[in-house]
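To keep things clear, I will list the structure first and then write my remarks on it.
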Amino acid sequence: MARFDPRGKANRALLVGVGDYDFTRPEHPFGVSGSLPAVEHNLDGLQQALRAGGIFTEDGITVARPRTVDEFDRHLDAAVDAAEGLLLLYFSGHGAVPSTGDELWLLMRRATIVPGTESVFRGAVPWKSVLTVLSRAGAERVVVILDCCYAGNASAAWDTLGTAQRQRTSLLMSVQANNRIDAGDGDTPTPFTARLVRLLSDGEVGFDELADRLRAHMSAHHTTLREPPEPWEPQSRSATSGTDVLLAAPPVRPPGTPPPPSPPAPPTSFAQPYGAGARPRSPKSVRARAGLRAFARRPGGRGGLLPLTGRRRLAAVIGVPVVVVGLVATGLAVLHGGDGAPCKPPLELRLLTDPDLEPTLRKAAEAYLTSNANGTGDGCRRSGITVYSAGAAATVTAFSRQSDPWQRPTGEDTNPQRDIGPQPDIWIPASFASADRARLTSPERTYVSLEADPEPFAYSPVVLAVPQDLAAEPAAERVGSLAALTEAVRRREARAEVRRTDPENTDAGLLATIGLYGGAGERDPASAERGVAQAGPPARTGAELLCTLPDDDAVDDRTSAMVPEFLLKTAVGCDSATRTGRMAEYPVDVPGLSPTFVRVRWKGADRDEEARDRAVEGFRTWLTGKGGSKASGPAAPGGLAVFGQDGFRAGSGGHRPLAGSDFGALADPGVLPGPALPTAMTDALKRYREANGPGRVLFLLDSSGSMGGLWEGPGGAPGIIAQSLAGLGGQDEYGVWGVAGEPGGSRPYAEVLPFGKHQRQEAQRAIPASAQVKDLEADPYRALVAALEFMARRGTDDHRPQLIVFVTDDEDNDRLTEGGRLGDLLASVRAGRIPVVMASLDSGGCDKGKPDAAVSEASGGRCLDTKGDLVARLRDEVARTGTGDEG
């Protein structure tokens, strides 16, 4: 498996330990079960292990013993702001699980239990709020460690993270859910942390290996505090990107140097558990619940989960590393009500949207969080909202044909939980027609229903954003057919170009494609695509398109972009000081964006249906300004005000601006196009995919000896290629070469999968079965030159799309750069005009100046590395070349 190596980066470790408590029983009736002297030994041992582990400098390790939530927050904020490589958070101290739910709370020194309910804890931090703070970390990886009773209950929040969050998040929990464990005898570390420290001190170790070795040791040598006892089984959640993270790599000791002393072995049982007063459950019920959480989690933890028996009482909890990056969530902060008591965690809603709309909807969700419409009247919040986005075409497909695997993924090929994100409560597509396209029209069974509002709540026309020096001056000349507008620009500048975003990724890109092909489909898609052709693949979003144009001043000055009008106001933060200003021109034959509120319901997900309906309706009323049958109170314009500030127009009537239009837009360009018809969008997407016929893809798989640790499983190199075949169909041609050979040998590769047409599932089985690591070096220069020649011979008589993909660990890149080879290769890829995707299993493989970045840029391809979601992005690149038709 690929491994993220943080050595040499700005890494930070925050070790939080709360061993002494001001309020304990029986002296204080509302106190915790007791102090935890073993926590000090945990902190000392872990600090020593990390200092010697080669990842963190001494200045990069902070030990904190917070008395209050505010102190904890300050330490966490500082670590989040400072970390750039790896951020590790360790928490050791009491925790709590309420009697009425499963949420994990971390108790600070002055913590007490609210009398009578055991559901609210003063002086405690909800686990979800920790994830929220970590979401803004700039670190490439974040690891959090929980060692305590009931640590496994933390997995529920991980299971509900969006795709991007799970790809960078690894969670290690000291014990299975709903179990208590020993807290230590006060003279040694706790059993779990003692073993953790020992393993971190033994040598190089990554997260996955650490979790496996901890699980094997603890289950064989210790039992939980249950009657009858059962094996103590630490749990883990590894990042789904397929990339492990290195946690320790101590320098090699000179011969004869004694190893550092290991921490003393803890006794096999102690008098004091981490949690007190919990009623044991049967092992069968605990294991069944944990398994269901992992594989059948519904929105908000609803349908499909077995009810638990017995009451959950106060539990002590201690923390373990979790990697969390990019969570967009609101409503999880610790609040206090009017009486000073902490608020109950608000019900969390999940909102899925189009990538172009995500920034605005994030602002709206944040505004709603603190609005009166979301208040309970006593200073607490009714709900929170997690906002995330996914490719528009993939989202429509997931709703219409993949609702079953969205609930219960059964394989790597079709897994919306991975590719889209968690099952949403709310979906806001950018086009009103997408809700109709997403509804199942065939007789097969569906597990989701979509309840769309009868009309959109906002509007933004798709405009031609023309450089100011090329734009028409009179307002009347800025309105017309797309063909007429583009022709007028070309009369002013013969080299003028037009670009459009990826029609697979955003509704705006697909709506622009409708205009390019003509309303009645009169234009040939292949010729239309040549009219917007560019070096490399299209930008994924309108903001990305507008922000990459300034990279080349000459291109920026002569290129018009087909983007939603509102982006002329919001997508200016990237390079506002140097970019060319643009004016909006209005194609009358390109449908506009029509964001629509859609309530999503999942079969069997009805455990908290009434409360969830109230929460959804409250946000809908605030966002759209339109109340429903269940709404109470007058509708507020809050959400529409946010959309107006971002440059949107009213969703109906004459589509007047919701706010000012002083950003290159026309306040009244006349009658604006309405939403697209579902059939028009479906037809345009089909014709786009088939515009140049079936595609050709040649995969190069680094098979040299250094790839041995990056080979096995779906996250290994052969598995990554197998997963990327999802966008290829029966008419596409593709093959795989294994790149390794004897120096000076006749061929720098061996055939793994012959080039030609394949049945996808057979190819996905054949690649991992046939690919083998060899005790040889790879020669990426010779392999890429051979691939370019091979593909050039097959593309002489047609315009079919072609792609070369090289999956490598970059270990042999010195053979790519020696003796002027790289310069020769760059000249070859520029002349060949075949895009090359360099998929580096090194997190820094695509850094500026690296060979992978240079090759992909020169060829017009993309460079992908493990700083992002390499698997998903590679699958997208391949799908853009193929038809996806299994005919």
Side-chain angles (χ1 to χ4, degrees), residues 69 73 95-106 114 117-136 153-154 156-162 165 297-302 312 324 327-352 361-388 422-426 599-600 605-623 630-633 636 638-639:
V69 171
D73 288 344
V97 176
S99 60
T100 57
D102 300 321
E103 300 298 337
L104 184 60
W105 291 67
L106 311 179
V114 175
T117 65
E118 295 189 0
S119 294
V120 178
F121 311 98
R122 287 183 171 138
V125 178
W127 166 241
K128 280 187 176 181
S129 75
V130 177
L131 296 184
T132 303
V133 175
L134 290 173
S135 73
R136 64 178 178 81
N153 290 62
W158 187 97
D159 291 339
T160 63
L161 292 176
Q165 291 74 51
R297 188 76 183 177
R298 304 307 203 276
R302 306 194 296 272
R312 283 178 287 273
V324 182
L327 177 65
V328 181
T330 58
L332 301 180
V334 179
L335 297 177
H336 291 78
D339 60 356
C343 296
K344 182 178 180 180
L347 186 148
E348 192 71 13
L349 301 175
R350 295 199 285 257
L351 190 161
L352 171 64
L361 278 165
R362 264 197 216 147
K363 296 177 189 176
E366 291 168 0
Y368 178 68
L369 169 67
T370 56
S371 71
N372 291 334
N374 193 41
T376 61
D378 56 1
C380 295
R381 297 168 184 164
R382 297 183 188 278
S383 62
I385 302 176
T386 298
V387 177
Y388 56 106
Q423 298 153 273
D425 301 287
I426 303 164
R599 173 69 165 106
V600 184
D606 52 8
R607 196 172 74 185
D608 59 357
E609 183 176 19
E610 186 175 344
R612 197 158 291 269
D613 280 347
R614 288 196 300 270
V616 169
E617 186 61 28
F619 179 65
R620 172 184 172 272
T621 299
W622 179 88
L623 178 68
K630 298 180 182 179
S632 59

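Please read these numbers as outputs of a predicted model, since none were measured by experiment.
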Straight-line distance of [X] [atom1] to [Y] [atom2], nearest 0.5 Å:
{"X": "Tyr388", "Y": "Leu352", "atom1": "OH", "atom2": "CG", "answer": "5.0 Å"}
{"X": "Leu369", "Y": "Asn374", "atom1": "CG", "atom2": "CG", "answer": "6.5 Å"}
{"X": "Asp608", "Y": "Asp613", "atom1": "CG", "atom2": "CG", "answer": "9.0 Å"}
{"X": "Ile426", "Y": "Leu623", "atom1": "CD1", "atom2": "CG", "answer": "8.5 Å"}

Check your understanding: In terms of the angle between their ring planes, are Phe619 and Tyr368 parallel, tilted or perpendicular, with boundaries placed at 30° and 60°?
Key ->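 Judged by the thresholds at 30° and 60°, the geometry between Phe619 and Tyr368 is perpendicular.
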
Minimum heavy-atom separation for [X] to [Y], with atom names?
{"X": "Val69", "Y": "Gly123", "answer": "CG2-C, 3.7 Å"}
{"X": "Pro346", "Y": "Gly384", "answer": "CB-N, 4.1 Å"}
{"X": "Ala611", "Y": "Leu347", "answer": "CB-CD1, 4.0 Å"}
{"X": "Ala124", "Y": "Trp105", "answer": "CB-CE3, 3.8 Å"}
{"X": "Trp622", "Y": "Ala364", "answer": "CH2-O, 3.2 Å"}
{"X": "Val387", "Y": "Ala365", "answer": "CG2-CB, 3.8 Å"}

Review point. Is a side-chain donor or acceptor of Arg350 paired with a backbone partner of Gln423 at a separation under 3.5 angstrom?
Key: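 Yes; at least one donor-acceptor contact below 3.5 Å.
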
Review point. In chain order, what residues pass the side chain to side chain contact (heavy atoms under 4.5 Å, CB included) check against Thr370, with sequence neighbours excluded?
Key: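 Per chain and number, Thr370 pairs via side chain to side chain contact (heavy atoms under 4.5 Å, CB included) with Arg381.
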
Point to revise | Leu349 vs Arg612 side-chain heavy atoms within contact, under 4.5 Å | key: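 Yes. Closest side-chain heavy atoms under 4.5 Å.
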
Review point. Between Arg614 and Glu617, does at least one N-O distance fall below 4.0 Å, as a salt bridge requires?
Key: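 So Arg614 does not pair with Glu617 through a salt bridge.
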
